[in-house]
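Below is one structure. I have some questions about it.
Predicted, not measured: the structure shown is a model, and the values here were computed from it.
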Amino acid sequence: AKAGARSISLRLAAPVMAVAAALTLFLGVALGRHDDGLGRVGRITEAIQKAGVNNAAYAALNDPQAEQVKLASADGKATAQVVRLPDGTGYLVPNSLAPLSAGRVYQLWAVRSDAKISLGVLGSTPAVSSFRMSGPVLAYAVTEEAAGGVAASQNQPVMVGYLQKA
């Protein structure tokens, strides 16, 4: 019964992702008509890469083998989801994360028993992002940092999500 529910959502997600990728590519081409050729090519390449990351993330969300963690701020206003496949490929899918002011960025962290490991600087307006992480993780957290990110955060998390113990 559970497999049926997953295959239905995957059947719905695949065409939606294909349409989103096509629309992203179309908008990239349409918006690039007023720029030089190199700017247009860069935007098209970026749009294709973004669509690829989005598609991979949503496929991972439907993988029964994937580790999934919901992140939330203390007040519940900022939310995201982390999904990590058994090979260590992971994705952050932000749902409601307010844009930051200039000079500020979000940064994603894996919290282990022995360390906090940066998984990447997400920018001031995060989109779906990919990362790689092997080994056990207790939690994932997102912090607000100065542009460029930090090696070790001194800030409280904007949002955090803990793995469920089996």
Side-chain angles (χ1 to χ4, degrees), residues 13 16-17 19-61 66-85 88-134 137-163:
V16 169
M17 290 301 117
V19 168
L23 182 59
T24 301
L25 181 60
F26 171 78
L27 288 174
V29 171
L31 293 174
R33 291 187 181 193
H34 303 292
D35 203 351
D36 64 10
L38 294 177
R40 187 174 335 146
V41 169
R43 280 193 302 283
I44 291 170
T45 301
E46 185 178 319
I48 291 170
Q49 289 171 343
K50 186 176 180 179
V53 170
N54 286 344
N55 288 342
Y58 289 106
L61 285 168
E67 166 185 279
Q68 295 191 32
V69 180
K70 292 183 180 182
L71 285 71
S73 60
D75 64 6
K77 290 182 181 178
T79 62
Q81 190 160 358
V82 167
V83 58
R84 184 171 63 143
L85 297 168
T89 303
Y91 304 92
L92 172 78
V93 181
N95 299 319
S96 56
L97 203 50
L100 297 174
S101 59
R104 305 297 295 169
V105 295
Y106 289 109
Q107 190 164 348
L108 176 63
W109 302 88
V111 180
R112 298 172 56 146
S113 61
D114 60 343
K116 294 178 185 132
I117 301 164
S118 174
L119 298 177
V121 175
L122 307 170
S124 61
T125 308
V128 175
S129 305
S130 64
F131 64 87
R132 298 253 331 141
M133 176 70 201
S134 60
V137 174
L138 300 173
Y140 294 95
V142 173
T143 58
E144 180 183 333
E145 306 293 345
V150 296
S153 182
Q154 303 301 313
N155 297 332
Q156 289 295 315
V158 172
M159 63 181 159
V160 65
Y162 298 92
L163 271 76

Just distance, no hydrogens or angles: give the donor-acceptor pairs under 3.5 Å from side chains in residues 148-161, sequence neighbours left out.
residue: S153; atom: OG; partner: E145; partner atom: OE2; Å: 2.4
residue: S153; atom: OG; partner: N155; partner atom: N; Å: 3.0
residue: N155; atom: ND2; partner: E144; partner atom: O; Å: 2.7
residue: N155; atom: ND2; partner: E145; partner atom: OE1; Å: 3.0

L97 CG to L92 CG distance, which is reported to the nearest 0.5 Å: 8.0 Å
Quick one: are Q68 and L61 in side-chain contact, heavy atoms under 4.5 Å?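 Yes, at least one pair of side-chain atoms sits under 4.5 Å.
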Please round to the nearest 0.5 Å and tell me the distance separating atom CD of E67 and atom OH of Y140.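 It comes to 4.0 Å.
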Interatomic spacing from CG in N95 to CD in Q81 - rounded to 0.5 Å: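 Interatomic distance, N95 CG to Q81 CD, rounded to 0.5 Å: 7.0 Å.
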What are the two closest non-hydrogen atoms of Y106 and A98, and how far apart are they? OH-O, 2.6 Å
If only atom types and distance count, is the side chain of S96 paired as donor or acceptor with the main-chain N or O of K77 below 3.5 Å? yes
If you define the side chain from C-beta out and look only at heavy atoms, does anything of F131 sit under 4.5 Å from V82?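 When only atoms from C-beta onward are counted, V82 and F131 do touch, with a gap below 4.5 Å.
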Could you report the tightest heavy-atom contact between A60 and L85, atom names first, then the distance? CB-CD2, 3.9 Å
By side chain to side chain contact (heavy atoms under 4.5 Å, CB included) - contacts of D114 (at least two apart): R112
Just list the side-chain donor-acceptor pairs under 3.5 Å for residues 117-130, sequence neighbours left out, or say none.
residue: S118; atom: OG; partner: Q107; partner atom: NE2; Å: 2.8
residue: S118; atom: OG; partner: G120; partner atom: N; Å: 3.4
residue: S129; atom: OG; partner: A127; partner atom: O; Å: 3.0

Side-chain donor-acceptor pair under 3.5 Å between T89 and R132, yes or no?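 R132 and T89 do have a side-chain donor-acceptor pair below 3.5 Å.
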